[in-house]
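Note that the coordinates shown come from a computational prediction; the quantities given were computed from them, not determined experimentally.
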Amino acid sequence: MKFSHKLTLPAALLLCAGGACAADAEPNIAAHQAQIDQIVKEISPQRIEGYVRKLVGFGTRHTMSDTVSDTRGIGAARRWIKSELERCGAAAGGRLQVGYDSHVHPVTPRLSHPTEIVNVVATLPGTQAESVDRMYVVSGHYDSRVTDVMNATSDAPGANDDASGTAAVMEMACVMARHKFDATLVFMTVAAEEQGLFGAEHWAEQAKQKNWNIAGMLNNDIIGSSRADDGHVDNTQVRLFAEGVPAVKEMSDANRALVATGGENDSITRQLARHIKETGERYVDKFAVNVIYRRDRYLRGGDHSPFLDRGYAAVRFTEPNEDFNHQHQDLREEGGKKIGDLPEYDDFNYIAQVARVNAASLSSLALAPAAPQQVKVRTAKLDNNTELTWQANKEPDLAGYRIVWRDTTAAQWQGAVFVGNTTQYTIKRSKDNFLFGVQAVDKDGNVSVATYPLPQR
């Protein structure tokens, strides 16, 4: 990230209020972390292709398809996913915890009978006591469908929707299991997305009921193709959908404060998206993360939605241009063209690029401190400066904090200053004209997601 308004050390010292701030040594946040570079390098298009073709080989992965066969249906698919993740985990030293998350879902318009919904979940526990309870989740759905959403018997290869996302998650789990992170990573392949997001909803509801600290959720759904329906190829970017203020009947006090202070684009999900864009583009050369200011594609949804509905920060990765001849289609031939979600329409190098963006972002988030809490702007007096306060982080490797800002019309942060290990700072920029955030920084230069300050009178 390039900042055009970086303050010099003497100027920053004049603006500090309370404690040692800008005098503290500033970590090099622009430097690449060797561990993240290594993870990005290890992501393999060849292994991803192997995962996709194996998933397609089960014929159909419809949520109500065969669960007994060892070669066909969703049961065979989930047992293979679990065994593959267990194999990777064992090869990486045994720290990856693999299991099923299962429930029986009642009849719905898209389920003709009570059906067991089974997610395959691989957890890589964090290694820092102060961060182990903080979790980052990455998902893809392994179920598939054809034109009739109730058709559980016809071949439904689902190579792009969503073997691509499932393969990316499996590849990330296998690569990242060989590394250690402060916070906990959860690699999840979920079922029943096509029937109503039931797998993701069950896991997200458990997280809410058990008060798990889900600090971010990344959903990968339809990340398989770089070719649009008009034939042009775009393998240089991915869409990242990020919700602003949620559309709810009763607005929370925090969201009301966002709107009241012009922070509509500073929800926790938009802050997560900013961090992913900055990190992904830094570590994956010549590949853009195109943030879309919507929950999902127009009036559509995905497995991040249940997390958003429960107040978690959650985003969705999707290829730049969908080809609907290759999505939710019966396999057939029309006008000499094959219709259907077949692996020959996937671009495995492209899937690997999206997986690299995910992996870099997850690594950065899980190595960094938690986002600062209780960040406030003091408004007791009229002032052309902006006085910020926040609660101290608990991580032992914390180096300090960073104030970021941007114009009210800007999408990404434009300026920053490291203020050291303090819990308050006064900056000579008006809260009338700029939007601010506070980030925590560790001694290695890992930076947290920014926290938007709410008013304190």
Would you check if there is a donor-acceptor pair between the side chains of [Y] and [X] at a distance under 3.5 Å?
X      : Y      : value
Asn358 : Asn220 : yes
Asp133 : Ser131 : no
Ser252 : Asn255 : yes
Arg402 : Gln439 : yes
Ser139 : Asn219 : yes
Asp347 : Ser226 : yes
Asp266 : Gln271 : yes
Tyr136 : Arg134 : yes

List the atom pairs, with distances to 0.1 Å, where a side-chain N or O of residues 363-376 and a protein N or O form a donor-acceptor pair under 3.5 Å, not counting sequence neighbours.
residue, atom, partner, partner atom, Å
Ser363, OG, Ala359, O, 2.7
Gln373, NE2, Ala371, O, 2.9

With the side chain counted from C-beta on, respond yes when [X] and [Y] share a heavy-atom pair under 4.5 Å apart, and no when they do not.
X      : Y      : value
Val138 : Leu185 : no
Tyr401 : Asn421 : yes
Thr63  : Phe198 : no
Ser102 : Val118 : yes

Hey, are [X] and [Y] close enough for a salt bridge, meaning a charged N less than 4.0 Å from a carboxylate O?
X      : Y      : answer
Glu322 : Arg297 : yes
Asp296 : Arg316 : yes
Arg274 : Glu278 : no
Glu84  : Arg87  : yes
Asp309 : Arg295 : yes
Lys394 : Glu130 : no
Arg356 : Glu42  : no
Arg294 : Glu243 : no

If you look at every heavy atom in [X] and [Y], which pair is closest and at what distance?
X      : Y      : answer
Ala360 : Thr279 : O-CG2, 3.5 Å
Met135 : Val186 : SD-CG2, 4.0 Å
Met170 : Thr189 : CG-CG2, 4.5 Å
Leu197 : Gly302 : CD1-O, 3.4 Å
Arg310 : Glu201 : NH2-CG, 3.5 Å
Glu171 : Tyr51  : OE1-CE1, 3.7 Å

*Can you label the angle between the His103 ring and the His105 ring as parallel, tilted or perpendicular, going by 30° and 60°?*
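The rings of His103 and His105 stand perpendicular, inter-plane angle above 60°.
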
*In chain order, what residues pass the side-chain hydrogen bond (donor to acceptor under 3.5 Å, both in side chains) check against Asp143, with sequence neighbours excluded?*
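Once residues adjacent in sequence are excluded, the partners of Asp143 under the side-chain hydrogen bond (donor to acceptor under 3.5 Å, both in side chains) criterion are His141.
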
_Other residues, nucleotides, ligands: >12 heavy atoms within 6.0 Å of Asn384 CG_ =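 No, because the 6.0 Å sphere around CG of Asn384 holds 12 heavy atoms or fewer from other groups.
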
_NZ/Lys180: more than 12 non-hydrogen atoms of other groups inside 6.0 Å_ =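 At most 12 heavy atoms, drawn from other residues, nucleotides or ligands, come within 6.0 Å of this atom.
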
_Rounded at 0.5 Å granularity, tell me how far CG in Leu454 sits from OG1 in Thr261._
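Leu454 atom CG to Thr261 atom OG1 measures 6.5 Å (nearest 0.5 Å).
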
_Run Asn160 and His326 through side-chain hydrogen bond (donor to acceptor under 3.5 Å, both in side chains) and show every step you take._
CA-CA 8 Å; Asn160 192 0; His326 305 155; over 6 Å; no

Quick one: side chains of residues 91-101, donor-acceptor pairs under 3.5 Å with protein atoms, not counting sequence neighbours, listed by atom name and distance.
residue, atom, partner, partner atom, Å
Arg95, NH1, His179, O, 3.3
Arg95, NH2, Pro125, O, 2.7
Asp101, OD1, His202, ND1, 3.4
Asp101, OD1, Gln206, NE2, 2.6
Asp101, OD2, Asn119, ND2, 2.8
Asp101, OD2, His202, ND1, 3.2

_Intermediate values then yes/no, side-chain hydrogen bond (donor to acceptor under 3.5 Å, both in side chains), Asn265 and Arg270_ = CA-CA 6 Å; Asn265 290 324; Arg270 294 267 166 93; 2.5 Å; yes

